[in-house]
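The figures that follow rest on heavy atoms only: side chains count, while hydrogens, waters and symmetry mates do not. Fair warning: this is a prediction, and the values are worked out from it, not measured in the lab. Atoms within a ligand are numbered from 1 in the order they appear, just like the ligands themselves.
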Amino acid sequence: MKPVPPSEQQALVERLAAACGGAYSPETRRKYFLSGPQWAAAYEGQALFHAPTRQPVTFTHVIEQWERLGIGYWTTHDTDVIPTSALGTDRQWEIVAEIAAALRKHGVACSMVTTETFHHAVFAASPAAESPEIRQYAAFRVQNTVRIGHELGAQFAVYWPGSLGYFTQGAVEETETLRWYAEALNAACETDLEVAKAKGRPTLKHCLEAKPFEPQAEILLPTSDAMLAFIGSGLLTHPEMVGLNPEYLHELMWGGAPRAALARALLAGKLWHFDINDGYRLKHDVDIAIGLVNPLDWLNVLVLLRSHGYQGPFNLDYKPPRTTSNWGVFHVSFPTAVDRFITLWEMAGEVISDPVVSEATAALKAGAGVRAGVDAAALHEANKELLTLHELIAHRIVQILWGQHRGRTYSW
Ligand code: GCO
Ligand code: MN
Ligand code: MN
């Protein structure tokens with residue numbers, strides 16, 4: 001192939017993206033409760049060992065692109081758009097009004113707001129630091145985010161505690177730190193009750209997000225299950241207002257099965273928000289877009305969520321790779337991520353209604369119908385042929401992923 005000069009590269013990418021086919025229209029995409037984070041779109045590709053590869057983008061550009069692509073919802077940290085120094089000031093409310101105007105203009109809604117309690121130097125010892133004035137500041141930050149959320153019409157507030165942990169053991173007393181962290185959440189819930197009442201709006205759903213490592217070496221609430229225990233610990237004054245925002249990759253990072261973690265959240269009635277992305281087990285937070293690493297596991301996750309009536313939000317919390325250009329973020333990265341989600345969601349519906357899967361599942365639940373009491377050997381003997389269906393169900397789900405249930409063949 002001839003070298004491709006810079007002036008022809010976008011056209012080439014565009015032509016090959018179109019050649020992939022399978023893209024949904026913006027109208028179709030808008031039917032799903034998908035949200036696009038400001039921080040994901042604006043991520044410049046930087047990391048500890050990586051210089052940025054992309055230019056900054058404004059919130060107006062992101063919101064405009066969400067409209068064009070059919071991503072119906074926008075999410076943000078308090079400091080993604082508002083400078084830290086302007087938080088709580090008149091300048092903040094001017095910026096919030098500008099955001100609200102851009103959302104209105106482009107027919108995009110703000111579904112979720114979250115607080116940055118991990119990046120700024122003030123949170124070096126976490127948002128539950130020993131210093132009471134820093135804890136007071138952390139409470140101000142989450143209360144202020146609640147106010148911004150109500151102003152923008154959000155339904156959810158997310159909390160990723162980030163630096164709630166330590167690098168070296170001994171200085172932090174875990175029970176004390178967790179009590180202090182609960183105080184900040186309690187302050188956010190109290191403010192929410194007041195603001196919601198004053199504005200005649202429902203209170204927000206406050207969702208905790210766990211990550212097992214990064215940015216600290218040791219994290220006090222590393223998993224969704226730890227978060228559930230924290231919600232039920234008695235430290236929260238309004239546990240009924242607090243649920244979970246699991247992130248797919250964060251459960252893989254500790255070696256867990258995301259689907260099982262989601263099942264535990266569903267049983268607890270706390271699966272309220274879901275960050276969707278992909279990556280590798282027991283590695284760092286690579287935040288790859290949904291379905292690029294584990295499409296089969298993702299299909300199974302969505303089968304569980306569909307069969308339990310979970311309708312979203314699905315928050316596209318991934319980082320476009322640093323090999324993708326500014327243009328590519330909005331022409332390849334986000335549209336293809338959304339389209340893989342929609343395909344997997346529809347495929348999950350096919351798994352649920354598939355006659356082979358349905359009959360096999362029903363047969364397993366019916367059992368052999370023998371009366372063998374407590375005779376373990378006889379019970380196994382009577383059921384053993386049925387149990388082969390486990391592997392057959394797995395095979396069928398892979399066939400559905402490959403499209404063989406629709407007649408796709410590879411040799412004839
Ligand atoms: C991560 C985290 C963040 C949070 C965000 C919202 O992957 O580092 O998941 O993206 O979701 O800070 O609180
Ligand atoms: Mn996340
Ligand atoms: Mn992540």
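Considering only non-hydrogen protein atoms, atom 12 (O) of ligand 1 sits nearest to His77 NE2, 2.7 Å. Distance from atom 2 (C) of ligand 1 to its nearest protein heavy atom, with residue and atom name: Glu209 OE2, 3.4 Å. Ranking protein heavy atoms by distance to atom 13 (O) of ligand 1, first place goes to Thr114 OG1, 2.8 Å. Among all non-hydrogen protein atoms, the one lying nearest atom 3 (C) of ligand 1 is Asp317 OD2, 3.6 Å. Counting protein heavy atoms only, atom 8 (O) of ligand 1 is closest to Lys211 NZ, 2.9 Å.
In this structure, Phe334 has its ring center closer than 6.0 angstrom to the ring center of Tyr318. The aromatic ring centres of Phe33 and Phe314 sit 6.0 Å or more apart. Taking the ring centroids of Phe330 and His61, they lie under the 6.0 Å cut-off. Here the two rings, on Tyr248 and Trp298, have centers that are under 6.0 Å apart.
Checked against the Mn ion (ligand 2), the N, O or S atom of Asp275 at the shortest distance is OD2. The minimum distance between the Mn ion (ligand 2) and any N, O or S atom of Asp317 involves atom OD2. Asp287 contributes OD1 as its N, O or S atom closest to the Mn ion (ligand 3). The atom of Glu209 that is an N, O or S and sits closest to the Mn ion (ligand 2) is OE2. Glu247 has its closest N, O or S atom to the Mn ion (ligand 3) at the position named OE2.
Note: no N/O pair closer than 3.5 Å links Asn245 and ligand 1 by distance alone.
Contacts with ligand 1 closer than 4.0 Å are made by no heavy atom of Leu249, backbone or side chain. Residue contacts with ligand 1, taken as heavy atom pairs separated by less than 4.0 Å, do not involve Glu214 at all. If you look at Trp39 next to ligand 1, the close heavy atoms, those under 4.0 Å, all belong to the side chain.
Side chains of Asp192 and His150: a donor on one and an acceptor on the other come within 3.5 Å. Residues Tyr310 and Arg306 have side chains that never bring a donor and an acceptor to within less than 3.5 angstrom of each other. There is no side-chain donor-acceptor pair under 3.5 Å between Ser358 and Thr361.
In Glu391, the CD atom is not crowded: 12 or fewer heavy atoms of neighbouring residues, nucleotides or ligands sit closer than 6.0 Å.
Side-chain contact check for Leu103 versus Trp74: some heavy-atom pair is nearer than 4.5 Å. The shortest distance between side-chain heavy atoms of Cys110 and Tyr73 does not fall below 4.5 Å. Two residues are said to be in side-chain contact when any heavy atoms from C-beta on lie closer than 4.5 Å; His77 and Phe118 meet this criterion.
The atoms of ligand 1 that sit less than 4.0 Å from any heavy atom of Asp275 are 11 (O). Close contacts of ligand 1 with His250, meaning ligand atoms under 4.0 Å from a residue heavy atom, involve 1 (C), 2 (C), 7 (O), 9 (O). For ligand 1, the atoms sitting less than 4.0 Å from at least one non-hydrogen atom of Asp287 are 7 (O), numbered in the order shown with element in parentheses. Numbered from 1 in the order shown, with element, the atoms of ligand 1 that lie under 4.0 Å from a heavy atom of Phe118 read 12 (O). Contact atoms of ligand 1 toward Asp285: 1 (C), 7 (O), 8 (O) (distance under 4.0 Å to a heavy atom of the residue). Of all the atoms in ligand 1, the ones that sit under 4.0 Å from a non-hydrogen atom of Val158 are 13 (O).
The NE2 atom of His250, the Mn ion (ligand 3) and the OD1 atom of Asp285 define an angle of 90° (nearest 10 degrees).
For the pair Glu173 (side chain) and Glu176 (backbone), a donor-acceptor distance under 3.5 Å is present.
A distance of 9.0 Å separates SG of Cys189 from CG of Leu204, quoted to the nearest 0.5 Å.
Remark: distances from the non-hydrogen atoms of Glu116 to ligand 1 are all 4.0 Å or more.
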